[in-house]
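Structure record follows, encoded as structure tokens.
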Amino acid sequence: MLRLPLTEENENMGLLERQIEALLFVSPQPVSAATMADHLGVSLERVERAVAAIKNSYAKGRGLTLLNLAGGWQMATAPDLADTVESFSAYLSMQRIRLSRAALETLSVIAYNQPITMAEIEEIRSVRCDRVVETLLKNGLIDRPRRENKRKSLRRYRTTNKFLEIFGLSSISALPTLEELREDYEDDEELPSVEEVPVEEGEMEQSDE
């Protein structure tokens, strides 16, 4: 078996730090400190200290970093390597499926007014939104309580942790306020175009228009 030489950083990393690093590496979604503490049978305080140690290690010119997203920790590539990672991602996947403008507008309405019913969404957007809402549900960006009113127009929708992950938010409170958005728009001569957000392949958005 090939054995790589131990660096000083690896020698100084304890078992708990290595265990947490391994858990975050294999997890496709953020993992809370409480979940790791419960799984490893250690205190929450020890896990938090270990996460801080890993973050400090990564800050010393490594290709990885830890992000605090949706109430948990997730391993990610270093911000300064974004161009390299993005070009490689484009190389691996030539076709990117994106949410339509209608889907992004509906998602924004839900994010800023949750929990919100279909009737309220359609009142704000002034168009039927049932098809676009179904697409957002299929993509896991919004959710509704399973035991909810049987009348579709009265079901309440809210964003999910996947929404937070895609938009790089630690919590829904991290969204810019409407006043901040208005100030940004007023500073520009034209309204900024809506950024298209990649979703999982095979789930093409259908316009509600």
Side-chain angles (χ1 to χ4, degrees), residues 1-99 104 107 110-111 114 136-143 158-176 195-203:
M1 178 182 294
L2 176 64
R3 293 183 178 275
L4 298 177
L6 291 175
T7 65
E8 182 178 351
E9 287 185 359
N10 289 333
E11 291 176 340
N12 292 334
M13 185 175 286
L15 175 61
L16 181 58
E17 285 80 6
R18 294 173 57 230
Q19 288 175 326
I20 291 175
E21 187 178 41
L23 294 181
L24 295 178
F25 177 78
V26 300
S27 177
Q29 58 194 23
V31 184
S32 69
T35 297
M36 291 187 285
D38 181 65
H39 180 74
L40 297 173
V42 298
S43 68
L44 179 61
E45 184 179 358
R46 287 189 62 192
V47 168
E48 291 175 340
R49 287 202 303 267
V51 167
I54 296 172
K55 286 192 66 177
N56 290 336
S57 174
Y58 286 173
K60 299 176 181 178
R62 300 283 295 276
L64 300 173
T65 186
L66 294 186
L67 300 178
N68 185 223
L69 297 173
W73 293 100
Q74 185 169 39
M75 188 176 291
T77 53
D80 61 308
L81 300 179
D83 290 342
T84 302
V85 174
E86 184 176 351
S87 62
F88 185 64
S89 178
Y91 169 77
L92 293 177
S93 178
M94 299 300 294
Q95 183 179 10
R96 303 179 70 191
I97 299 177
R98 303 171 183 270
L99 291 177
L104 287 172
L107 187 58
I110 296 172
Q114 60 187 306
L136 293 175
L137 284 169
K138 290 178 181 178
N139 286 321
L141 297 175
I142 63 172
D143 197 5
R158 53 179 53 84
T159 54
T160 61
N161 283 343
K162 184 175 181 179
F163 165 81
L164 297 177
E165 295 171 32
I166 289 177
F167 287 89
L169 301 170
S170 58
S171 67
I172 199 65
S173 61
L175 279 170
E195 181 182 359
E196 292 181 327
V197 180
V199 294
E200 295 180 3
E201 186 173 358
E203 296 179 339

Anything under 3.5 Å between a donor and an acceptor, one on a side chain of residues 43-54, the other on a protein residue two or more places apart or in another chain? List them.
| from | atom 1 | to | atom 2 | distance (Å) |
| --- | --- | --- | --- | --- |
| S43 | OG | R46 | N | 3.2 |
| E45 | OE2 | R49 | NH1 | 3.2 |

Inter- and intrachain pairs under side chain to side chain donor-acceptor pair (under 3.5 Å), touching residues 67-81, at least two apart: none
Verify side chain to side chain contact (heavy atoms under 4.5 Å, CB included) between R158 and I172, making sure each step is shown before the conclusion. CA-CA 10 Å; R158 53 179 53 84; I172 199 65; over 6 Å; no
Can you tell me which residue among T159, D143, L107 is in a side chain to side chain contact (heavy atoms under 4.5 Å, CB included) with L136? L107
Listing request: all side chain to side chain donor-acceptor pair (under 3.5 Å) pairs with a residue in residues 21-32, at least two apart in sequence or in separate chains. E21-Y58, S32-T35
Any residue meeting side-chain contact (heavy atoms from CB on, under 4.5 Å) with N161, in chain and number order, not counting sequence neighbours: A70, L164, E165
When you measure from the side chain of T160 to the backbone of L141, do you find a donor-acceptor pair of N or O atoms at a distance under 3.5 Å? yes
Using side chain to side chain donor-acceptor pair (under 3.5 Å) as the criterion, list what pairs up with Q19, not counting sequence neighbours. none
Apply side chain to side chain donor-acceptor pair (under 3.5 Å) to T65 and list each qualifying residue two or more places apart in sequence or on a separate chain. none
Heavy-atom pair of closest approach, residues M36 and L23: CG-CD1, 4.2 Å
Stepwise side chain to side chain contact (heavy atoms under 4.5 Å, CB included) check, Q114 with I142: CA-CA 10 Å; Q114 60 187 306; I142 63 172; over 6 Å; no
Could you go step by step and tell me if V31 and I20 meet the side chain to side chain contact (heavy atoms under 4.5 Å, CB included) rule? CA-CA 10 Å; V31 184; I20 291 175; over 6 Å; no
